[in-house]
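Reading through the C-alpha cells given below for one structure.
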Amino acid sequence: MNNINKRYMFLFFGILILIMVGAYILNTVLPTPYSKPSPYGNNEEIKASYATIRDTKGNIILQTGLPIHIDDEYINEKNVHYKIIKVTGNNAVAEIKSAKSSQTIQFTPGSISLYDLSKSIPVQAGATHHMVIYHSHSDESFVPTSGTASKPGNGDVYKVGASMTDSLSAAGISVTHSYANHGPHDINAYHRSRRTVIQLLKEQPDAAFDVHRDSAPLSAYKTTVNGIDTARVMIVVGRSNPNMKTTLKYAQAVKNRLDALHPGLIRGIFMGHGDYNQDLYPTGLLFEIGTEQNSLQAAQQAGVLLTDSIISLVYSK
C-alpha cells in the first residue's frame with residue numbers, strides 16, 4: 001500500500017513539474033499582448049518578427065512589430081480607416097471601417113476636458129509649455145548604426161528622444177527626458193515604465209511621449225525629406241485606454257499637422273489592444289520611429305521633423 005502511495009506521489013509531482021516547465025516555455029516563447037516581439041536572437045541575428053496586415057483585396061496596408069488582434073484599427077497615410085477582422089499567426093485581414101477619418105481634426109489645448117493645460121508647471125524658467133519623453137523599451141537600437149537591434153539599458157532610442165528634446169527646447173518648450181531603464185524587453189516593460197510616467201506626470205506636462213522604434217521591413221519605414229534620408233513615424237493609441245477618444249483626437253491632430261508640414265513622413269495611427277499607459281494622461285502618445293533596419297541618424301531626423309507638428313500645435317491659437 002505504501003509503495004502504491006509513493007508511486008502516486010512521484011507521478012503527481014512529475015506531472016506538476018512538467019506543467020510548470022511547459023508554462024515557463026510558453027511564457028518565454030509566445031509574444032506578449034503589450035510588447036513588440038524581440039527581433040533578435042541570442043546571437044544578435046536579425047529575424048523577421050512582424051505582422052503583415054492586408055485589406056480584403058490582398059493589398060498590404062501595414063507591417064509592424066506590434067502585436068495585432070481582431071478589432072484593432074489603423075488609419076493609414078491617406079486617412080483610410082481600417083478594422084482588423086481576421087488574424088492568423090503573423091498575418092491579418094482588415095476591412096475599411098469608415099471614410100469619415102479623412103476629415104480635418106481640429107485640436108486646441110482648450111479642447112482637453114480632463115486637464116487644463118494652461119496650468120502646466122514648466123521645468124525650465126520662462127517656458128510656458130512643458131513635455132515629457134520616456135522609453136518603455138529602453139534597449140531598442142538600430143542595426144546599421146550599432147550592429148545590433150538591442151542594447152539592454154542603453155538603446156539608441158534614447159538618442160532619438162534626445163534629438164526631439166533638443167528640437168522642442170529650441171522652440172521654447174521645456175522638456176523632461178527620462179533615461180530610466182525599463183528592461184528587459186518583456187511583458188512587464190510597460191508596468192515598469194508606468195512608475196516612470198506617474199513620476200513625470202507630477203510635472204503636469206502638456207503631453208507625454210513614449211518613444212520607440214518598430215520592427216518591420218526597411219521599405220515600410222524608409223523615406224526622404226528634402227533629399228535627406230529619414231525614417232517614417234507611426235502613432236500608437238491603446239484601445240483599452242478610457243481616454244481613447246481624446247488621445248485619438250490628439251494623435252489625429254499631430255498627424256494632420258505633420259501631413260501638412262512633411263507629407264509622407266507619418267505612416268498612420270495604429271489603435272491596438274492594451275492601454276500603453278495612456279490611461280494615465282489623455283495626451284499621452286506612443287511613437288514608433290523607424291525600424292531596426294533604419295539608421296539612428298534617419299530616426300533622429302524623423303524625431304526632429306515630428307516635433308515640428310507638436311510645436312505647431314502648441315503655439316496654435
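This one's a predicted model, so the numbers in the text were calculated from it and none came from an experiment.
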Worksheet entry | Listed once per pair and sorted, the salt bridge (Lys or Arg N to Asp or Glu O under 4.0 Å) pairs that draw on residues 302-313, sequence neighbours left out | none
Discussion item. My understanding is that only residues two or more places apart in sequence, or in another chain, count here; which of them pass ring-ring contact (aromatic ring centres under 6.0 Å, His included) with Y74?
Written reply: none
Item to complete: Give every residue pair that meets the salt bridge (Lys or Arg N to Asp or Glu O under 4.0 Å) criterion with at least one member in residues 49-65, sequence neighbours excluded.
Response: none
Discussion item. Under a 4.0 Å threshold between the charged nitrogen and the carboxylate oxygen, would R232 count as salt-bridged to E77?
Written reply: yes
Worksheet item: According to a 4.5 Å side-chain heavy-atom criterion applied to Ile, Leu, Val, Met, Phe, Trp and Tyr, with indirect links allowed, do L201 and I198 form part of one hydrophobic cluster?
Response: yes
Worksheet item: If you measure from CG on L296 to CD1 on I289, what distance do you get to the nearest 0.5 Å?
Response: 11.0 Å
Item to complete: Check whether any side-chain heavy atom of V160 lies under 4.5 Å from a side-chain heavy atom of R213, and answer yes or no.
Response: no
Worksheet entry | ring-ring contact (aromatic ring centres under 6.0 Å, His included) involving Y82 - partner list, sequence neighbours excluded | none
Worksheet item: Among the clusters formed by ILVMFWY side chains lying less than 4.5 Å apart, do I96 and V87 turn up in the same one?
Response: yes
Worksheet item: Which value, rounded to the nearest 0.5 Å, describes the distance between N76 atom CG and H81 atom NE2?
Response: 10.0 Å
Fill in: Non-hydrogen atoms of L306 and L265 that approach each other most closely
N-CD2, 4.2 Å
Worksheet item: NZ of K151 to OG of S138: how many Å apart, nearest 0.5 Å?
Response: 12.5 Å
Practice prompt. Over all heavy atoms of both residues, which pair between L286 and Q278 is shortest? Give the atoms and the distance, please.
Written response: N-NE2, 3.6 Å
Fill in: Any donor-acceptor N or O pair under 3.5 Å, side chains S174, H130
yes
Item to complete: Could you note down all residue pairs passing ring-ring contact (aromatic ring centres under 6.0 Å, His included) where residues 144-168 supplies at least one of them, sequence neighbours left out?
Response: H135-Y158, Y158-Y179
Worksheet item: Between S193 and N277, does any side-chain donor sit less than 3.5 Å from a side-chain acceptor?
Response: yes
Practice prompt. Verify the distance criterion only: is there a donor paired with an acceptor across the side chains of S150 and H185 at less than 3.5 Å?
Written response: no
Discussion item. Are the side chains of V157 and H137 in contact, using a 4.5 Å heavy-atom criterion?
Written reply: no
Item to complete: Taking the side chain as every heavy atom from C-beta outward, state whether M164 and M131 have any pair of such atoms under 4.5 Å apart.
Response: no
Worksheet item: Any idea which heavy atoms bring M244 and G238 closest together, and the distance?
Response: CG-O, 3.9 Å
Fill in: Reported CG-to-OG distance for the pair L305 and S167, which is rounded to 0.5 angstrom
8.5 Å
Discussion item. I'd like to know if V254 and L261 are part of one continuous hydrophobic network [Ile/Leu/Val/Met/Phe/Trp/Tyr, side-chain heavy atoms within less than 4.5 Å].
Written reply: no
Worksheet item: Do the side chains of Y250 and P282 get nearer than 4.5 Å, heavy atoms only?
Response: no
Fill in: N226 CG: over 12 foreign heavy atoms closer than 6.0 Å
no
Worksheet item: If Ile, Leu, Val, Met, Phe, Trp and Tyr residues are connected whenever their side-chain heavy atoms lie under 4.5 Å apart, and connections chain through other members, are Y315 and L313 in the same group?
Response: yes
Practice prompt. State, yes or no, whether a side-chain contact exists between T291 and N294 at a heavy-atom distance under 4.5 Å.
Written response: yes
Discussion item. Out of the candidates Y276, F287, Y134, only one should pair with F209 under the ring-ring contact (aromatic ring centres under 6.0 Å, His included) rule; please name it.
Written reply: F287
Fill in: Connected via hydrophobic side-chain network under 4.5 Å: L218 and L62
no
Practice prompt. Supply the atom-to-atom distance D72 CG to H273 NE2, rounded to the nearest 0.5 angstrom.
Written response: 8.0 Å
Fill in: Atom of A208, atom of Y281 and distance for their closest heavy-atom approach
N-CD2, 4.5 Å
Discussion item. Please list all pairs meeting salt bridge (Lys or Arg N to Asp or Glu O under 4.0 Å) that have one or both residues in residues 158-184, counting only residues at least two apart or in different chains.
Written reply: none
Discussion item. Ignoring hydrogens and geometry beyond distance, is a side-chain donor-acceptor pair present between E288 and T64 at under 3.5 Å?
Written reply: no
